[in-house]
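Read through the structure below, which is laid out as structure tokens, and then see the notes.
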Amino acid sequence: MSTQLSNALQSPAVSGFFDKRTNTVSYIVKDPQSSACAIIDSVLDFDYAAGRMSHESADALVAHVREYDLHVEWLIETHVHADHLSAAPYIQQQLGGGKIGIGEQIVEVQDVFGKVFNEGTEFERDGSQFDRLFKDGDNYRIGQLEACAIHTPGHTPACMTHVIGDAAFVGDTLFMPDGGTARADFPGGDARALFHSIQRVLSLPDATRLFICHDYGPNGRDIKWQTSVADEKADNIHVGEGKSADDFVALREARDKTLAMPALIIPALQVNMRAGQLPEADEDGNRYLKVPLNLM
């Protein structure tokens with residue numbers, strides 16, 4: 001399927017759900033011709049200090065699905081998030097279905113962080129925890145709605161943009177125009193690769209709706225999560241107005257040196273590289289997350 005024009009007449013209904021604790025936007029994307037939908041980048045609530053998980057954010061998605069009698073076919077992760085935990089398995093359990101999908105480069109992330117967290121040989125590093133590993137250009141359907149996964153690495157190796165009808169879900173590849181772009185300094189990240197991935201996104205038709213994964217309300221503005229290819233090309237503070245790859249790399253790398261690690265990076269990576277599952281319980285039924293010292 002061409003990501004350029006074949007989707008143009010299909011316009012999914014998109015509902016965004018903002019989690020203010022992690023500044024994450026989750027989406028329910030509905031086929032306009034049926035009850036089929038996909039959930040993108042769900043959030044599991046986690047109190048780090050208490051070591052307790054809860055489901056308020058995920059329950060809002062579940063309630064919406066039930067209220068409108070939707071059928072979840074997909075639970076999509078745009079990448080292995082470092083700033084929130086995925087609620088995909090919980091939603092699967094609550095609603096009785098939905099395939100969990102991520103980019104096939106998840107195996108690279110699992111290999112790196114399997115070593116960082118000393119997971120041992122029992123932790124499979126082949127992506128088998130997920131139901132579907134998307135390759136670049138893979139087509140799939142949400143009901144009758146055509147979708148295509150595009151590999152857009154740079155923020156992480158496994159980042160994918162999902163083009164669904166006239167909408168594209170870009171994960172952390174782009175932010176709102178006044179927010180610029182996401183960091184590229186995590187293991188496997190690369191600022192130049194991110195620039196080229198952004199160009200792939202910006203080669204979509206100008207009217208394509210872009211839905212971002214995070215917004216931080218720069219300069220105190222209200223939270224937003226929908227923009228367009230045309231707006232990003234014209235106004236994005238990092239890549240708009242034809243900025244060169246060299247200029248972007250210099251800007252991105254300098255900015256990344258000033259950024260602290262996300263507050264939830266240690267639990268998030270351990271859970272998300274397992275498709276949202278918690279580490280295996282010990283013989284007493286307790287589960288633990290590891291904190292590597294002086295490694296990251």
Side-chain angles (χ1 to χ4, degrees), residues 1-19 23-34 36-42 61 64-65 68 70 72-79 101 103 134 137-152 154-155 159-182 194 197-218 221-241:
M1 179 186 73
S2 167
T3 60
Q4 294 292 324
L5 295 175
S6 64
N7 284 333
L9 298 179
Q10 294 184 300
S11 187
V14 180
S15 300
F17 298 77
F18 182 69
D19 176 56
N23 291 87
T24 302
V25 190
S26 304
Y27 296 101
I28 296 178
V29 187
K30 180 187 175 297
D31 172 22
Q33 301 180 59
S34 73
C37 72
I39 294 177
I40 299 179
D41 292 334
S42 61
L61 300 173
H64 183 94
V65 168
Y68 292 97
L70 304 182
V72 177
E73 294 189 347
W74 293 98
L75 293 154
I76 292 171
E77 304 292 344
T78 55
H79 61 293
F134 292 106
D138 269 359
N139 299 325
Y140 64 100
R141 287 182 176 273
I142 305 165
Q144 298 303 308
L145 187 61
E146 296 180 15
C148 181
I150 303 174
H151 186 212
T152 48
H155 174 61
C159 288
M160 304 289 287
T161 291
H162 289 262
V163 182
I164 304 173
D166 68 349
F169 297 83
V170 300
D172 287 4
T173 301
L174 279 168
F175 291 157
M176 295 298 294
D178 59 347
T181 59
L194 179 59
S197 292
I198 290 168
Q199 301 314 304
R200 292 194 73 183
V201 174
L202 298 185
S203 71
L204 295 168
D206 280 355
T208 303
R209 296 179 291 160
L210 301 182
F211 293 91
I212 64 168
C213 188
H214 297 287
D215 188 57
Y216 303 93
R221 69 151 167 75
D222 291 341
I223 297 297
K224 299 180 180 180
W225 51 74
Q226 180 178 338
T227 178
S228 70
V229 168
D231 288 344
E232 293 285 351
K233 287 197 294 190
D235 299 325
N236 186 284
I237 59 173
H238 292 171
V239 295
E241 297 182 336

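Sequential numbering from 1 along the given sequence is applied to the chain's residues.
- Arg209 has its side chain within reach of Pro12: a pair of non-hydrogen atoms, C-beta onward, lies under 4.5 Å apart.
- Taking the ring centroids of His151 and Phe134, they lie at or beyond the 6.0 Å cut-off.
- Between Lys30 and Leu70, the closest side-chain pair of non-hydrogen atoms falls below 4.5 Å.
- Looking at Gln10, its side chain does come within 3.5 Å of a backbone N or O of Glu146 through a donor-acceptor pair.
- Among residues at least two apart or in separate chains, salt bridge (Lys or Arg N to Asp or Glu O under 4.0 Å) pairs with a member in residues 168-180 are Asp178-Arg221.
- Using a 3.5 Å distance cut-off with no hydrogens or angles, the side chains of Ser26 and Asp41 do not pair a donor with an acceptor.
- The neighbour count for Tyr68 OH, taken as heavy atoms of other residues, nucleotides or ligands under 6.0 Å away, does not exceed 12.
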task: Show your working on side chain to side chain contact (heavy atoms under 4.5 Å, CB included) between Leu204 and Val163 and close with a plain yes or no.
output: CA-CA 9 Å; Leu204 295 168; Val163 182; 4.1 Å; yes

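- Taking CD1 of Ile223 as the start and CG of Asp215 as the end, the distance is 4.5 Å to the nearest 0.5 Å.
- Taken to the nearest 0.5 Å, the CG atom of Leu61 stands 9.5 Å off from the SG atom of Cys37.
- For the pair Ser34 (side chain) and Asp31 (backbone), a donor-acceptor distance under 3.5 Å is absent.
- Of the possible donor and acceptor atoms, one in the side chain of Tyr27 sits under 3.5 Å from a partner among the backbone N and O of Ile212.
- Between Leu174 and the options Val229, Leu210, Thr161, a side chain to side chain contact (heavy atoms under 4.5 Å, CB included) holds for only Leu210.
- Between Val239 and Leu202, the closest heavy-atom pair is CG2-CD1, 4.4 Å.
- If you take CG on Leu145 and CD on Glu73, they are separated by 9.5 Å, rounding to the nearest 0.5 Å.
- The heavy-atom pair separating Met160 from Gly103 by the smallest distance is CG-CA, 3.6 Å.
- Residue Asn236 comes nearest to Met176 through the heavy atom pair ND2-O, 4.0 Å, listed as atom of the first residue, atom of the second, then distance.
- Between Asp166 and Thr208 there is no side-chain heavy-atom pair separated by less than 4.5 Å.
- Looking only at side-chain heavy atoms (C-beta outward), Thr173 and Thr181 stay at 4.5 Å or farther from each other.
- Here the rule is ring-ring contact (aromatic ring centres under 6.0 Å, His included) with Phe211, and of Phe18, Phe17, Phe169, Trp225 only Phe169 fits it.
- Within 6.0 Å of atom NZ in Lys224, 12 or fewer heavy atoms from other residues, nucleotides or ligands are found, so the atom counts as exposed in its surroundings.
- One distance of note links CD1 of Ile39 with CG of Leu75; it measures 5.5 Å at 0.5 Å rounding.
- Closest non-hydrogen pair, Glu77 versus Ser42, comes out as OE2-OG, 4.2 Å.
- For the residue pair Phe175 and Ala182, the shortest heavy atom distance occurs at CZ-CB, 3.6 Å.
- Residues Ile40 and Thr78 are in side-chain contact: their nearest non-hydrogen atoms beyond the backbone lie under 4.5 Å apart.
- Shortest non-hydrogen contact noted between Thr227 and Glu232 is CG2-OE2, 3.1 Å.
- Not one N or O on the side chain of His162 forms a donor-acceptor pair closer than 3.5 Å with the backbone of Ala149.
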